[in-house]
Amino acid sequence: MTDIEEFERRILFYVISNMIGSEADAIGQIRHLKVKDRSYSGKGIFTHFHSTNGTEPERFDRHVSDDFPETLFIRLNVGFTIFFAGPSIVTLEGYTYGSDPWPEEALLQIVWQKEVMDAYRRHCA
């Protein structure tokens, strides 16, 4: 099993807290997620996680999506979707719009807003 990357942790926190709320049960799962596999398409990324209850889901029950947040310097043309099976986070999908390639280097250099990072540290770090 591979550990989740810091970048993935931050994106999961950002999307869940924006779309569901920072007190959502899913927030508590983030620090315990283990990566099953990752794949890149050139225009996006898929990260599949091991199920927290030990069983692999047959299908997704629900999902939440959000565009990437404004940053101090750039606006990235990307979005993210988190897929759930029951209460468990099972997949993080990142994607670009149009013909834009996946901006991996730019994503690693994001300057996060202070309030986002403070909440992230309280819940996930």
I'd like to know if Glu6 pairs up with Arg10 as an ion pair, taking the criterion as any Lys NZ or Arg NE/NH1/NH2 lying under 4.0 Å from an Asp or Glu carboxylate oxygen.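 Salt bridge flag = yes for Arg10 with Glu6.
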Tell me the closest heavy-atom pair linking [X] and [Y], and the distance in Å.
X	Y	answer
Ile27	Ser17	CD1-N, 4.1 Å
Asp3	Val35	O-CG2, 3.8 Å
Arg38	Thr2	NH1-CG2, 3.9 Å

Is any side-chain heavy atom of Phe80 closer than 4.5 Å to a side-chain heavy atom of Ile11?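 Yes - at least one pair of side-chain heavy atoms lies under 4.5 Å apart.
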Could you check whether any side-chain heavy atom of Leu12 comes within less than 4.5 Å of a side-chain heavy atom of Ile4, counting everything from C-beta outward?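 SC-SC contact between Leu12 and Ile4 confirmed.
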To the nearest 0.5 Å, tell me how far [X] [atom1] sits from [Y] [atom2].
X	Y	atom1	atom2	result
Phe49	Glu8	CZ	CD	5.5 Å
Lys34	His50	NZ	NE2	9.5 Å
Glu5	Leu92	CD	CG	11.5 Å

For a side chain to side chain contact (heavy atoms under 4.5 Å, CB included) check, start with the C-alpha distance between Phe84 and Thr91, then their side-chain angles and the critical distance, and finish with the verdict. CA-CA 7 Å; Phe84 294 84; Thr91 300; over 6 Å; no
Passes side chain to side chain contact (heavy atoms under 4.5 Å, CB included), Ile89 versus Ile16? Steps please. CA-CA 10 Å; Ile89 299 169; Ile16 292 169; 3.7 Å; yes
Sequence neighbours excluded, which residues qualify as side chain to side chain contact (heavy atoms under 4.5 Å, CB included) partners of Ser41?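 Ser41: side chain to side chain contact (heavy atoms under 4.5 Å, CB included) contacts with Lys43.
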Do [X] and [Y] belong together in a cluster built from hydrophobic side chains that touch within less than 4.5 Å?
X	Y	value
Val64	Val78	yes
Ile30	Ile20	yes
Tyr40	Phe46	no

List in chain and number order the residues that pass salt bridge (charged side-chain N to carboxylate O under 4.0 Å, His left out) with Asp37, two or more places apart in sequence or in another chain; answer none if no residue qualifies.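 Not a single residue meets the salt bridge (charged side-chain N to carboxylate O under 4.0 Å, His left out) criterion with Asp37.
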Can you sort out the partners of Glu93 under side-chain hydrogen bond (donor to acceptor under 3.5 Å, both in side chains), two or more places apart, ordered by chain and number?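 Counting only residues at least two positions away or on another chain, Glu93 forms no side-chain hydrogen bond (donor to acceptor under 3.5 Å, both in side chains).
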